[in-house]
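As structure tokens, the structure follows; a few thoughts come after it.
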Amino acid sequence: MTFRSGKSNTITMKQGDTLFGIWGGVRKMARDLNRPASTVHGWKKEGRVPANEQQHVLQIAEELGLPITADHVVFPLGRPNAAAPVEITAPPITVACDRKPETQRKDVH
């Protein structure tokens, strides 16, 4: 399965490897966290758990005996593939300058 998280790289992984898969799904996670399912679905859609919710998610996961770590909460859809090449290119920039440096001007004494 392939997930796309915002503007980040595409991440390929098995459904069970995600925070939501380990938890048993968005609805179960929402019930356990006492949050609306639409809120937890938004986290999945965005590919992130808000910072102000991360400690709560970890605490409830621990209470339920789920094998969830801080890594799962920070990267709920899995870590981006570090081996995937990321191409960063900048377009060539043309610089034009009509002024001569002071040392080349005839009127400078």
Side-chain angles (χ1 to χ4, degrees):
M1 181 170 279
T2 301
F3 298 94
R4 187 168 292 282
S5 170
K7 295 181 180 180
S8 67
N9 295 337
T10 300
I11 304 163
T12 303
M13 61 175 33
K14 294 179 286 193
Q15 175 65 27
D17 292 343
T18 70
L19 170 67
F20 309 99
I22 294 169
W23 206 293
V26 170
R27 288 177 187 254
K28 181 170 181 347
M29 185 175 177
R31 271 193 310 271
D32 292 342
L33 295 173
N34 196 27
R35 300 290 187 267
S38 59
T39 297
V40 177
H41 177 73
W43 299 348
K44 183 176 181 179
K45 184 177 175 185
E46 292 295 318
R48 66 180 200 87
V49 175
N52 63 327
E53 293 283 0
Q54 291 176 358
Q55 184 176 359
H56 178 67
V57 170
L58 282 170
Q59 179 183 356
I60 299 300
E62 183 179 8
E63 289 173 10
L64 296 172
L66 296 172
I68 291 175
T69 65
D71 205 53
H72 290 106
V73 176
V74 173
F75 302 105
L77 300 179
R79 278 189 175 275
N81 187 355
V86 177
E87 187 175 327
I88 301 174
T89 58
I93 299 173
T94 303
V95 178
C97 183
D98 294 335
R99 295 186 65 193
K100 290 183 180 179
E102 287 188 32
T103 55
Q104 293 181 357
R105 291 188 197 158
K106 293 180 181 176
D107 61 333
V108 175
H109 292 79

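These figures come from a predicted structure and were not determined experimentally.
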* Asked: Which heavy atom of A30 sits nearest a heavy atom of A37, and at what distance?
  -> CB-CA, 3.6 Å
* Asked: Should the heavy atoms of other residues, nucleotides or ligands under 6.0 Å from CG of N34 be counted, would the total exceed 12?
  -> no
* Asked: Given the rule that I, L, V, M, F, W and Y join up when any side-chain heavy atoms are under 4.5 Å apart, are L66 and L77 in one cluster?
  -> yes
* To do: Could you tell me the separation between the CZ atom of F20 and the NE2 atom of H41, rounded to the nearest 0.5 Å?
  => 10.0 Å
* Asked: Is it true that V57 and I60 fall in one hydrophobic cluster, defined by side-chain heavy atoms closer than 4.5 Å?
  -> yes
* Kindly compute the distance separating CD (Q59) from CG (L33), expressed to the nearest 0.5 Å. => 10.5 Å
* **Expected output: side-chain Q54 to main-chain V49 donor-acceptor under 3.5 Å** => yes
* Asked: Quick one: do V26 and L58 end up in the same hydrophobic cluster if we chain Ile, Leu, Val, Met, Phe, Trp and Tyr together by side-chain heavy atoms under 4.5 Å apart?
  -> yes
* To do: Kindly indicate, with the supporting measurements, whether the criterion side-chain contact (heavy atoms from CB on, under 4.5 Å) is fulfilled by R35 and M29.
  => CA-CA 8 Å; R35 300 290 187 267; M29 185 175 177; over 6 Å; no
* List the steps, then state whether side-chain contact (heavy atoms from CB on, under 4.5 Å) holds for V40 with W23. => CA-CA 12 Å; V40 177; W23 206 293; over 6 Å; no
* List the steps, then state whether side chain to side chain donor-acceptor pair (under 3.5 Å) holds for H72 with T69. => CA-CA 5 Å; H72 290 106; T69 65; 3.0 Å; yes
* For the residue pair P67 and I22, establish whether any side-chain heavy-atom pair is separated by less than 4.5 Å. => yes
* Hey, any chance W43 and L64 share a hydrophobic cluster, counting ILVMFWY side chains that come within less than 4.5 Å of each other, even indirectly? -> yes
